[in-house]
Amino acid sequence: MIFELKVALRYLVSARLQSGLLMFGVSVGVVVFTFIAALMNGLSVRLTDDIAGNVAHVTLEPELRVPRAFMASPKGRALFAVQPGHDVEPVIRTYRSVLEVALRMHGVRVAVPEVLGNGTLARGEKDVAVTVTGVEAENADAIAKVAKSLVRGRLDLGVGNVVVGSRLAAELGVDVGDRVSLRASRTASPQSASGPAEAVMVVRGIFTLGVQAIDERVAYIDLTSAKKLFGIADGVSIIELKVDDVWQANTLARRLARATRLKASTWLDRNARLEGGLRAQATTSNMIKGFSLLTIAIGVASALFLSVSRRRADIGILRSFGIGRGAILRTFVLQGLLIGAFGAVVGAGLGFGFTHLLLLASLTATGAPSIPVDPAQGEYTRAIVLALIASGVAAVLPAWLASRIDPLEAIQS
Amino acid sequence: MTAQDTQVLVATDIIKTFGEGDNATQVLRGVSATIARGEFVALVGPSGSGKSTFLSIVGTLLKPSGGALRIAGEDVLGLHERALSEVRNRHIGFVFQFHHLLEDFTAIENVLMPVFGAHTRVTGGFIERAHDLLERVGLADRVSFRASKLSGGQKQRVAVARALVMKPELVLADEPTGNLDRKSSDEVLRLLRELSRDEGTAFFISTHDPSIAQRCDRILTMVDGRLTG
């Protein structure tokens, strides 16, 4: 291999301009590869974070209980309708053991018990229908990044406090420190004779998560107050989980459903279009990366065809000394690999620098980039390896043709 | 030592036909020749007589259509490509009319090129021999010069050193002085004779130049694909 390396290097060095241009071409291909990877992966991460960042990745809830229908006689035929769950909201009474099971499962980051219920938030004459989320104060920020999204006040879910979305606050015309009345639409207990419960609460914080449905309709209160409000003596409505890998949510949900006998749904079920969109984006990204590799391969192959043609007499003379076909083949494949290696490493470096510059140039006043490029997601190692493979594969045909050159014909010509 | 042992080349009834059917052209019509170790033999004849074809067959660069060929005692006609490469590397050196040096390499690198046909790396012994040969051809001060920087005569002398670096039994030279002026031509021929004598290498030289042929031990004349003398 020393001979092959020596000859390959000498050929590259002696045709400096051609080799330099070729390596630059490979570098440009790798820059395109890494830039597209950094941009598309950055966009994908940002979209996923935006959507999956503030919602539960897996939600565990009790199966809806359907009343049993009794037939009067096994011989008779009857038409009947079943209207499910109209009286009692199902709750997870064994939620503490469910939490234990969930938190032991590999990949589950956090599990939060919550009481959910519909209610009305009122101030003066104005009232707005809301979804009340009762959560333990220490878990208030575990699912949606409420604390980070506060625009006024603080995330204080003590007894008698409520934290609301900014659109809801605007609709009600309330600010931090204002008192509001929270009334449950109905209690969980059908035996409650006193009608829906009501509580006066103080607005402690106002947030903007950027998700209209949450900013407009959600009110956070503490778990105990929510249980009291909705008449749940023991148990919770749902358990929300965050997982380490959002794309593994479906797998984890299936395992959790089997382990807990609860109904498990995922953020992917609710965002099927996002998944489709991200897949389409990944396909587009892969196509562009594929084309950049193809460009590299075509460049290397065409340059080596020229090199083989130029070195025809050299090949003939080397073969006449007894240098084997294998050595000739390896010499030209090595040329391709050297071009690929050098061009790819330089290209990866340039790509890293370029994406960093782009990121810096696109920073807005808030410090967030306007272009979702993420230099850390440039797939530099993959780009180098694939460019190297593309160069090597592209070199095989010209190298094989070089090895098949008839020494006599080459010398005579 | 038998007569066969001393013969580095034994060609018997070599036939070469190019093309097939009506287009077939027979270039060699049963050529037989032997060359002994250390012999200095000229091959003369008019253009198109088949000299270069015969030399190419002897050099195992071209397969004959018929006949038998032994190089350094080894029957080479049945050998496959890799074995033929080894035969060329170990037993045959080439000197061509147009020197055919690798222009991007230095004089000594060119001389050492054949070593890589048999060895993965060049050891000290070969480097010493390459230096010695370049000194003998009068290029001790041009060892590290690129081939592209040498004159025609110098290039041909490097080619002679290259042909001898593996200590072959037979050197085939096709018009080795055809591209040189008279002075350089005489110088190269003197060198070939001297090296043949010192190294015990047989030289088989194809030439148009009668003055070169006359300085050889033996002259073979090729006419219309046959040796006539």
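Remember, predicted model here, so these are calculated numbers, not experimental data. Computed over heavy atoms, backbone and side chain alike; hydrogens, waters and symmetry mates excluded.
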Heavy-atom neighbours of A/Arg109 CZ exceed 12 at 6.0 Å
yes
Roughly how far, to the nearest 0.5 Å, is the CG atom of B/Leu62 from the CD atom of A/Glu409?
10.0 Å
Could you list which of residues 105-113 of chain B have a heavy atom closer than 4.5 Å to any heavy atom of chain A, in residue-number order?
B/Phe105, B/Thr106, B/Glu109, B/Met113
Which heavy-atom pair separates B/Leu102 from A/Ile317 by the least distance, and what is that distance?
CD1-CG2, 3.2 Å
Heavy atoms of other groups near A/Phe305 CZ, more than 12 under 6.0 Å
yes
Side chain, backbone, both or neither: which part of A/Arg319 has a heavy atom under 4.5 Å from chain B?
both
4.5 Å side-chain heavy-atom contact, B/Arg162 and A/Phe321
yes
Count the heavy atoms of every other residue, nucleotide or ligand shown that sit under 6.0 Å from CD of B/Glu135, and state whether that count exceeds 12.
no
Which heavy atom of A/Leu408 sits nearest to which heavy atom of B/Ser56, and what is that distance?
CD1-OG, 3.2 Å
Heavy atoms from other residues, nucleotides or ligands near NZ of B/Lys149 exceed 12 (cutoff 6.0 Å):
no
Other residues, nucleotides, ligands: >12 heavy atoms within 6.0 Å of B/Phe18 CZ:
yes
To the nearest 0.5 angstrom, please state how far the CD atom of B/Glu103 sits from the CZ atom of A/Arg311.
10.0 Å
A/Val13 portion near chain B, given a 4.5 angstrom heavy-atom threshold
neither
If contact means a heavy atom pair closer than 4.5 Å, which residues of residues 82-95 of chain B contact chain A?
B/Ser85, B/Arg88, B/Asn89, B/Phe94
If you tally heavy-atom pairs under 4.5 Å between each of B/Thr60, B/Asp104, B/Asp174, B/Leu101 and chain A, the highest tally belongs to B/Asp104
